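Structure record follows, encoded as structure tokens.
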Amino acid sequence: MTTKYIFVTGGVSSSLGKGIFCASLGRLLKAHGLRVTIQKLDPYINVDPGTMNPYEHGEVYVTDDGAESDLDLGHYERFLDSPTSQANNVTTGRVYSEVINKERAGEYLGKTVQVVPHIIDEIKHWIFRLADEAEYDVVLCEIGGTVGDIESLPYLEAIRQLRYELGPASTLSAHLTLVPYLAAAGELKTKPTQHSVKTLLSHGLQPDILVCRSERHLDDELRRKIALFCNVLPQAVIEAVDADSIYEVPLNLADQGVDKLVLDRLRLLRGLVTPEPDLTGWMRFVRRLHSLSGTVTVALVGKYVAHQDAYKSISESFMLAGVELGVEVNVRYVLSDSILEVGSAHALKDVSGVLVAPGFGKRGVEGKIEAARYARVHDVPFFGVCLGLQCAIIEFARNVCGWQYAHSTEFAPDTPYPVIDFMEEQRRLVAKGGTMRLGGYSCHLEEGSLAHGVYGAADVRERHRHRYEISNTHRTALAAHGLRFSGINVERNLVEIAELPDKRWFLGTQFHPEYRSRVGRPHPLFTSFVHAAQAYSKEVTGAA
Ligand code: GLN
């Protein structure tokens with residue numbers, strides 16, 4: 001079977017939830033037994049979002065093969081439960097840099113290199129690359145930005161050409177629009193949608209499906225109106241009313257038969273595909289989500305807490321773990337800077353667990369170190385992720401080992417106790433750039449440790465995004481004071497996990513477990529941490 005392509009564009013407004021729509025439709029198609037992947041094409045000039053401030057762009061998601069990518073890839077992986085890769089997120093910056101590199105290498109044989117055809121061909125090449133890498137029945141391709149943006153034009157032209165070349169049975173165009181409710185008129189308005197489709201038409205693209213984001217339900221008359229003016233079938237006008245939870249979206253789409261409509265258009269309904277989607281697992285998850293009992297409050301200590309998407313994978317991991325345990329996890333976002341101002345006892349009052357978040361740069365670090373101290377001294381369940389682990393090590397070195405000025409060389413290059421440092425091999429790499437440890441690395445777990453018990457395995461693989469490591473020079477002395485290095489990357493002899501065995505639940509990871517939580521399959525470290533927080537909360541309230 002040849003690969004089919006679904007192109008998803010957005011109009012009228014940004015933030016319509018194209019990513020969630022793609023993840024939901026992908027999940028539905030997977031439920032029909034198809035092999036599905038989702039690609040995000042981003043029209044910005046950065047080669048990847050790795051250098052962008054989380055305030056600009058939300059979390060940077062990391063794939064197993066080490067791509068620093070858009071947070072939508074996190075939704076794709078959580079919904080589809082299948083890994084993404086470098087080729088799942090392509091930006092204009094990457095497309096141009098590939099073309100310019102080829103030009104410098106003389107690959108265009110003396111031709112003038114232009115947007116048409118060279119940039120367009122490069123975009124098409126990246127779209128095809130996913131199907132070359134693995135066997136996919138369907139590739140969903142989400143075009144970032146909004147139709148009408150100058151920077152989206154090459155992508156629209158690329159998909160126009162692909163529709164022309166591959167034909168209507170192999171491609172489908174879905175367009176997300178906004179149908180606003182005007183209170184003064186007391187009705188939903190279709191004009192923005194009509195204009196958006198006209199803009200799309202001016203680029204040679206007729207949508208097959210319109211997904212209408214709206215605060216209110218669309219009645220039949222409205223659907224017929226949109227269908228008539230936008231040249232689509234009435235049943236292809238899909239309503240996407242604001243949902244309580246993003247996890248309901250696949251079910252809302254299935255209720256409207258979107259999966260069957262898509263499969264029919266792509267000539268997939270007959271033959272290979274299971275006619276009814278198997279959504280039992282998903283429905284079980286949504287049912288559990290709606291029947292949580294009790295709440296457990298955990299603090300998420302970080303410096304980007306004002307931006308709701310900056311710690312997306314961590315907050316989703318908490319929610320997924322909560323559903324697994326049947327409890328609602330209330331995440332209290334604590335600004336790391338504020339901890340020193342108001343005091344940890346106040347900032348972390350009444351929380352049943354403390355997670356110190358990943359991060360870069362000096363701001364807020366002392367607040368994170370103080371949060372780790374508070375959790376250690378008061379034996380509150382503690383989870384350090386990447387910089388969070390590093391802060392816990394610095395705190396332990398200062399206050400347990402008595403190494404007063406211990407620090408990470410990221411923040412204090414001249415510290416007498418560089419407990420977090422560049423490794424020698426990385427020092428050599430500095431000149432060449434590319435100093436981050438990115439993507440999946442193996443980790444061997446020590447038998448009898450908390451980590452080993454939680455994973456129930458001796459060897460695991462987890463994703464990284466950091467420059468600094470726990471210093472091997474100080475490892476023996478830290479261990480002599482009671483730290484247990486329970487996870488090690490054996491190939492490079494690097495610490496992956498550290499824990500304090502005499503505490504209730506005190507563990508930090510150099511890697512990012514949050515990138516591997518899935519719907520119905522939360523990361524075991526998150527589940528175990530939330531469970532420990534629940535137990536702690538019961539203990540504290542029981543004692544009170
Ligand atoms: N800044 C730290 C490092 O580069 C931690 C990075 C992170 O938390 N992702 O090692």
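No experiment lies behind these values; they were computed from the predicted model shown. Numbering of ligands and ligand atoms starts at 1, following listing order.
- Neither the backbone nor the side chain of Met436 comes within contact range of ligand 1; no heavy atom lies under 4.0 Å.
- In terms of polar-atom proximity, Phe411 is not counted as a contact of ligand 1, lacking any N or O under 3.5 Å from an N or O of the ligand.
- Ligand 1 has no atom lying under 4.0 Å from any heavy atom of His464.
- Distances between N or O atoms of Gln510 and those of ligand 1 include no value under 3.5 Å.
- Checked by atom type and distance alone, the side chain of Arg398 pairs as donor or acceptor with a backbone atom of Ala406 at under 3.5 Å.
- Looking only at heavy atoms of the protein, atom 10 (O) of ligand 1 is closest to Tyr468 N, 2.8 Å.
- Under the 4.5 Å side-chain criterion, counting only non-hydrogen atoms from C-beta, Tyr468 is in contact with Gln390.
- Using a 4.5 Å cut-off on side-chain heavy atoms (C-beta onward), His444 and Ile497 make no contact.
- Nearest protein heavy-atom contact of atom 5 (C) of ligand 1 is Gly359 O, 3.4 Å.
- For ligand 1, the atoms closer than 4.0 angstrom to any heavy atom of Cys386 are 5 (C), 6 (C), 7 (C), 8 (O), 9 (N).
- Between Leu387 and ligand 1, at least one pair of N/O atoms sits closer than 3.5 Å.
- Applying side-chain hydrogen bond (donor to acceptor under 3.5 Å, both in side chains) to Ser313 and the options Glu77, Arg78, His512, His523 leaves one that passes, Arg78.
- Between Glu446 and His452 there is no side-chain heavy-atom pair separated by less than 4.5 Å.
- Protein heavy atom nearest atom 1 (N) of ligand 1, with residue, atom name and distance: Glu410 OE1, 2.7 Å.
- In this structure, His512 has a heavy atom closer than 4.0 Å to ligand 1.
- The number of heavy-atom neighbours closer than 6.0 Å to CD of Glu491, taken from other residues, nucleotides and ligands shown, is above 12.
- A donor-acceptor pair shorter than 3.5 Å can be found between the side chains of Arg475 and Asn493.
- Between Tyr55 and Tyr304, the angle of the ring planes goes over 60°, which puts this pair in the perpendicular group of the 30/60° scheme.
- One option in His466, Arg467, Arg465, Glu469 has a heavy atom closer to atom 9 (N) of ligand 1 than any other, and that option is Arg465.
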